[in-house]
Structure formats: structure tokens, C-alpha cells
Protein chains: 2
Amino acid sequence: MIDDVSLKILEILQEKARIPNVEVARQMDMAPSAVLERIRKLERQGIIDGYEVRLNPDQFNRRLIAFVTVNVCEQKAKQPLGPYFAALREIQEVHYVSGKDCYLLKVRVADNGDLYRFLQEKIILMAGVIHTQTTQVLHTFKETAKLPLTNSTVEQRN
Amino acid sequence: MIDDVSLKILEILQEKARIPNVEVARQMDMAPSAVLERIRKLERQGIIDGYEVRLNPDQFNRRLIAFVTVNVCEQKAKQPLGPYFAALREIQEVHYVSGKDCYLLKVRVADNGDLYRFLQEKIILMAGVIHTQTTQVLHTFKETAKLPLTNSTVEQRN
DNA sequence: ATTTATAATGAATAACATTCACATGTTCTG
DNA sequence: CAGAACATGTGAATGTTATTCATTATAAAT
């Protein structure tokens with residue numbers, strides 16, 4: 001479905017998405033119009049979902065990452081909890097995970113005080129939330145949304 | 001440090017980063033040259049870290065997300081484990097977290113079989129790895145790298 | 001061999017990026 | 001308070017890029 005030419009285009013864009021189309025074409029050794037058409041097609045097919053700017057969290061007072069597992073009892077909740085969590089500004093990821101009726105939240109806040117207030121005011125008080133367990137990130141070695149595009153020896157793409 | 005004008009530019013770019021500069025200028029009601037200069041400055045200051053394309057994981061055989069906590073004993077490791085994990089294709093995030101000498105990995109693979117092989121071959125076999133606990137994601141409600149830029153009532157930016 | 005579908009090229013033109021001279025406004029300082 | 005220093009905006013000019021489209025090439029299907 002995705003051929004090597006498109007794959008190479010995606011690799012280039014994954015490296016730096018806000019470069020001119022002509023530049024992609026140059027790196028590909030192809031006509032700009034051909035590259036443009038392919039990118040459009042990838043967008044239409046939903047292979048490319050969008051383009052994001054990556055901001056430095058330190059500059060926006062979001063130095064601290066925490067992972068919070070939230071045990072819930074949805075029967076006691078007054079509203080669906082997944083969408084509720086998803087709507088919170090401090091939360092970047094909401095996953096419903098295997099285990100004991102559990103959500104896993106990735107949270108970004110300024111500092112410990114902020115984290116405390118966030119949990120108290122926005123999580124623990126919610127009807128249906130039974131208890132939480134918070135894991136603080138001390139150091140991040142890698143944090144990316146990139147997907148591996150080149151196939152390693154064992155893997156195949158479809 | 002970051003004024004409202006830049007903030008609005010970042011909001012626009014956070015929504016869709018690969019749009020022409022002129023379009024940003026139109027939405028801002030400013031001259032394109034002024035917008036360009038501001039974006040350049042934000043890049044120079046490291047406030048903008050880069051631009052990424054967001055790919056659809058389903059289309060690349062990465063339907064399954066798992067979070068893996070890895071208990072380690074770095075003394076028994078033959079190499080630093082953080083960088084080792086970070087180098088693995090399947091891993092999107094590597095955090096060293098509070099708790100019992102623990103790494104938290106966010107892993108993206110095709111399916112259960114893939115996850116099993118990944119853990120067996122690339123994690124559990126590593127010297128220094130004591131044991132792991134894997135949590136599978138059943139459903140994802142939200143997954144973004146966006147930072148909240150508008151200030152809510154209580155918060156402030158610096 | 002011919003049809004059909006898919007995708008590349010290259011030329012033409014519209015749109016955009018980029019630079020720069022100049023204007024405006026703010027802050028700092030003597 | 002004047003005016004220097006700085007930051008940031010505008011608008012025009014120019015070079016670059018995006019986009020469209022007619023045409024050609026390639027590959028698979030009948």
C-alpha cells in the first residue's frame with residue numbers, strides 16, 4: 001500500500017515537516033509536482049494525519065511529567081471518565097488499559113505543587129474515581145511520536 | 001518572555017504546522033514579514049523545537065501500544081540502559097521514574113506476538129534488567145504532544 | 001497488442017517567502 | 001524631558017515555491 005517512494009517522503013517529513021515541497025523534491029530527485037501529488041494522496045488516505053509544531057515544554061512551565069493510573073468504577077461516575085480526562089489541559093494522553101479498571105494518564109505540569117493541586121481538584125474529586133497512583137518522571141531519555149518507517153530484518157509492513 | 005502575539009502564532013501552528021506563512025499572517029491580521037520574523041525568533045530561542053508530521057500508526061503496523069515498567073539493577077548492566085532503550089525502534093518514550101529503580105517505556109508494536117518477541121528478545125535478555133511489567137492499552141482517548149498555551153484562570157506562564 | 005490505470009515530467013502562472021528601507025512605539029538614561 | 005537604543009511593525013520589490021495541467025512513460029490486465 002505504501003511504496004518506497006512515499007516512505008522516503010515520509011522519512012524526510014518526519015525529520016522536519018515544515019520544509020518547502022521543492023526541497024523534498026530535491027532530496028528525492030523528483031519533480032516537485034510529483035512529490036506534491038504524493039503528499040496530497042498520503043493526506044487524503046489518512047496516512048498523514050497532520051503536521052505539528054514541537055514546542056519546548058520548559059518554556060511553557062511544563063517541566064514535570066507524571067504518569068497517573070486511575071482506578072475507577074464507571075457505574076458510580078456521573079459522566080464518562082475517558083472523555084472527561086481527555087478534556088483536561090494538563091493531560092496529554094489518556095489510555096484505558098488492561099488491569100483493574102484503570103486509566104493511564106500522562107500529565108504535564110509545572111511542579112510538584114501544581115501536580116498536587118491537579119490531582120486533588122481535577123481527578124480525586126471526580127465521582128467514580130476510586131484511587132490513583134502517581135509516578136513521577138525524573139528523567140526523560142526519549143520522547144517522540146515518530147514511527148519507524150524503514151523495515152528491519154524481521155518486520156514487514158502489511 | 002512570550003507575548004500574546006507569539007502565543008497566538010504558536011496556537012495557529014499547533015493546530016496545523018505546515019501552512020504558508022502568509023496564511024498565518026492573515027489569521028493574525030499582520031504583515032507576513034512580521035510573522036516570519038517572529039517565527040524565526042521563536043526557533044532561535046528554542047521555544048519552537050521543530051516541526052513533525054503526525055502519521056497514522058494503524059497504517060504502519062503499529063496498532064498496539066503498551067507501557068512497560070522495567071526494574072533494573074544498573075550495576076549488573078553492561079551498558080547504560082536508558083540510552084539502550086532509547087535506541088530501540090519500537091520504543092517511543094523512555095522515562096526514568098520514581099519508584100523501585102524503574103524505567104517506564106512506551107512501546108508501539110503490531111500485535112501481541114510482536115510485543116512478546118520484543119520483550120523477550122530486546123528487554124528481558126538485557127543484563128541488568130530484573131523484571132518487567134507490561135500494561136496493554138485497550139483504548140486511547142487522547143494522545144497529543146500539544147501544550148496548553150492559553151492561560152486558564154489560576155495558572156500563569158512564568 | 002491494446003486497453004486501462006497510475007504516476008512522472010516540464011512548462012506556465014499564481015501564490016508565497018524573504019529582504020530591506022522606513023516608520024512607530026517603548027524603554028532607558030543623562 | 002530629550003533623545004539614543006532597541007524592538008517590532010509595514011509595505012514594496014524580488015526571488016523562490018506551489019500548483020495546475022497537458023503530455024509522456026510505465027506497468028498490469030485482458
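Every value quoted in this text rests on a predicted model; they were computed, and no experiment measured them. Letters A, B, ... mirror the listed sequences (proteins, then strands); counts begin at 1.
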Requested in this report: Using only heavy-atom distances, determine whether the side chains of A:N71 and A:Q133 contain a donor-acceptor pair under 3.5 Å.
Outcome: no
Taking [atom1] from [X] and [atom2] from [N], how many angstroms apart are they, rounded to a whole number?
X: A:M30; N: C:dG10; atom1: CE; atom2: C1'; result: 13 Å
X: B:I2; N: D:dA7; atom1: CD1; atom2: P; result: 17 Å
X: B:I19; N: D:dA18; atom1: CD1; atom2: C1'; result: 15 Å
X: A:I39; N: D:dT17; atom1: CD1; atom2: C1'; result: 13 Å
X: A:L36; N: C:dA11; atom1: CG; atom2: P; result: 18 Å
X: A:D29; N: C:dG10; atom1: CG; atom2: P; result: 11 Å

Query raised in the report: Can you give one letter per nucleotide of nucleotides 21-26 of chain D, going 5' to 3': B for a protein heavy atom under 4.0 Å from the base, S for sugar-phosphate only, - for none?
Result: B-----
Report summary line: dist A:E93:CD -> A:L104:CG (nearest 0.5 Å) comes out at 8.0 Å
Requested in this report: Name the orientation class of the two ring planes belonging to A:Y103 and A:Y96 (parallel below 30°, tilted from 30 to 60°, perpendicular beyond 60°).
Outcome: perpendicular
Query raised in the report: Side-chain contact, heavy-atom cut-off 4.5 Å: A:Y84 with A:M126?
Result: yes
Requested in this report: Give the intermediate values and the outcome of side chain to side chain donor-acceptor pair (under 3.5 Å) for residues A:E43 and A:Y51.
Outcome: CA-CA 10 Å; A:E43 289 168 353; A:Y51 304 92; 2.7 Å; yes
Report summary line: Heavy-atom closest pair (A:R63 atom, A:D58 atom, distance to 0.1 Å) is NH2-O, 3.0 Å
Report summary line: Between B:K8 and B:Q27 the two heavy atoms that sit nearest each other are NZ-O, 3.5 Å
**Report entry** For DNA chain C, the residues among residues 40-56 of chain B that have a non-hydrogen atom under 4.0 Å from it
**Finding:** B:R40
Requested in this report: Answer yes when A:K122 and A:E90 have at least one side-chain N-carboxylate O distance shorter than 4.0 Å, and no when they do not.
Outcome: yes
Query raised in the report: Got a sec? Which of residues 21-28 of chain A come in under 4.0 Å of DNA chain D, heavy atoms?
Result: A:N21, A:V22, A:R26
Requested in this report: Return no unless some side-chain N or O of B:R38 is found under 4.0 Å from OP1 or OP2 of D:dA7.
Outcome: no
Query raised in the report: Are there more than 12 heavy atoms of other residues, nucleotides or ligands under 6.0 Å from atom CD of B:E15?
Result: no
